[in-house]
Amino acid sequence: MGESVAGGRLRSARLLIVGLVSMIVVLGLILIAQVVGRTTTSAAAIEARPNALAGSTDECVACHRQATPGIVEQYGGSTMAAAKVTCRDCHEVSRGYAGGAGHEGSVILASPSAAMCQRCHGQEVAQYNASRHSLPAYVAVVGIEPLTEAQRTAYQAIPEGTYAPDKSRHALYAIEGQDLTRFACETCHDIGKPSADASVGQCQKCHLRHEFSLEQARKPETCNACHIGPDHPQWEIYQESPHGIAYATGGYRWNWEAEPGTLTVQDFPAPTCATCHLSGFGATGTTHDVGDRLTWFLFSPLSQRRPSWQDNLTRMQAVCRECHNETFLADFYTAADAATEAVNERVRESDAVMDPLKEQGLLTVEPFDEPIDFKYFDVWHYWGRTAKFGVWMQGPDYTQWHGIYELLKDLSELKEMAAAKLEAAAAGSAP
């Protein structure tokens, strides 16, 4: 009888093991099917896009199939190639054109300027020219000195350019020197750099050549190229926000190639950077002015309302309203406005700490040549900005530990450094 019981237990154990193995196999097959399904769908979408240059006998295409085949392959699958936009349409210019260079009997622009894009995309370029991505981005680093008189006039007329009190280049840009800044500041801020033909901007910063993919322009990783790091960590904040989590877990199902100006919650159940700031969504139309829906200048030391903030608020909330109700929006904006003002107050406190030093001549004339300069700068440029961005983009960790906490810590240290200078001055010794 004991053997019978033991045998039964053994059979039960075997059945349990077989059942578990079977379940693992089934789950594994389901997972593989999902992955293959996603891959197949993605691959099918790519294969379904015809190569518009497949049978092309165009001289540029024929030559570059040998010289730069990757570029030809990319452009062949683009909507621009499908619309019969040729290489010459974007690159070829008349003899003597500013920035043009001789090439195989023609004159070309190696990198097409905004003036070339404007011939087909006039509204988009006009909107861009009124944005902070335009001249204000460039001036924020290099100043107005390189601009022509016409460009200076245009810069002064941009509402987004109103924050630039001294209209001079950033002190750190000058200190670091071009050997470094060409790989640093200029990489992002050149989005607003004038071209040789005097047109402003580099559209390819957001619309990577040569596919000109809607998916690429709409995905937040594109904005991540510049909007990252301690002074403007929008990418990091987005990743921890509810919107970013929705994108990370379900974005592969979204309709990335939907026609511009027609987007709905069926295409994008949650927003990316482009959805909130650029895309036509709900009752709000498409724009290339990235500040068109923002109510505050969050990047400045003391944030002020933007010139047309009420209109901007209406456009942004029309996007939000596709998912959120009026009570949520009213409560969120009231609380976020209050948080912005609270950060402003902390920055004003740092100004009050520095004012006596300036009044008594206890600071050196040159910027960033003593520790207190860096500490004062960090208070608003790193921590103040990060806290405000965290508030508006719903990133609690960046509002708190990467934002207001760091601000309070540096403010405390700033007070000690300032007190030491004042005490040294009172005692008659060098600060």
Going by atom types only, do [X] and [Y] share a side-chain donor-acceptor pair under 3.5 Å?
| X | Y | value |
| --- | --- | --- |
| Q216 | T222 | yes |
| E322 | T264 | no |
| W380 | S300 | no |
| S131 | S134 | no |
| Q239 | Y247 | no |

Those residues at least two apart in sequence (or on a different chain) that pass ring pair (Phe, Tyr, Trp, His ring centres under 6.0 Å) with W401 are Y405
Where the side chain of [X] meets the backbone of [Y], is there a donor-acceptor pair that is under 3.5 Å apart?
| X | Y | answer |
| --- | --- | --- |
| N325 | F328 | yes |
| Y128 | H133 | yes |
| E240 | D397 | yes |
| T386 | W383 | no |
| T287 | H277 | no |
| R218 | W256 | yes |
| H64 | C60 | no |
| Q202 | I191 | no |
| T181 | A184 | no |

Under 6.0 Å between the ring centres of [X] and [Y]?
| X | Y | result |
| --- | --- | --- |
| H170 | F377 | yes |
| F374 | Y376 | no |
| Y398 | F389 | no |

Taking the six-membered ring of W296 as reference, does the cationic atom of K388 (NZ for Lys, CZ for Arg) lie under 6.0 Å from its centre and within 45° of its axis?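 No - K388 does not lie over the ring of W296 by the 6.0 Å and 45° rule.
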Q.
Using a 6.0 Å distance limit plus a 45 degree cone around the ring axis, check whether R306 lies over the aromatic ring of W309.
A.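 No, a cation-pi geometry is absent between R306 and W309.
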Are [X] and [Y] close enough for a salt bridge, meaning some N to O gap below 4.0 Å?
| X | Y | result |
| --- | --- | --- |
| E349 | R346 | yes |
| R321 | E326 | yes |
| R305 | D337 | yes |

Over 12 foreign heavy atoms within 6.0 Å of [atom1], [X]:
| X | atom1 | result |
| --- | --- | --- |
| Q310 | CD | yes |
| K358 | NZ | yes |
| D331 | CG | yes |
| E73 | CD | no |
| R182 | CZ | no |

| task | Using the side-chain contact (heavy atoms from CB on, under 4.5 Å) rule, take T262 and E259 through it: C-alpha gap first, then chi angles, then the decisive distance, then the call. | result | CA-CA 6 Å; T262 67; E259 189 68 21; 3.8 Å; yes
Decide yes or no for [X] and [Y]: does some side-chain heavy atom of the first lie under 4.5 Å from some side-chain heavy atom of the second?
| X | Y | answer |
| --- | --- | --- |
| L414 | D378 | no |
| T284 | M316 | no |
| R132 | I158 | no |

Sorted by first residue and then second, give each salt bridge (charged side-chain N to carboxylate O under 4.0 Å, His left out) pair with at least one member in residues 310-320; sequence neighbours left out.
->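 Every pair satisfying salt bridge (charged side-chain N to carboxylate O under 4.0 Å, His left out) with a residue in residues 310-320: D292-R315.
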K421 vs E370, test: salt bridge (Lys or Arg N to Asp or Glu O under 4.0 Å). Steps then yes/no. CA-CA 12 Å; K421 279 184 170 289; E370 56 180 330; 3.0 Å; yes
Could you list the donor-acceptor pairs under 3.5 angstrom formed by side chains in residues 92-101, with sequence neighbours left out?
| residue | atom | partner | partner atom | Å |
| --- | --- | --- | --- | --- |
| E92 | OE2 | S106 | OG | 3.1 |
| Y97 | OH | D197 | OD2 | 2.7 |

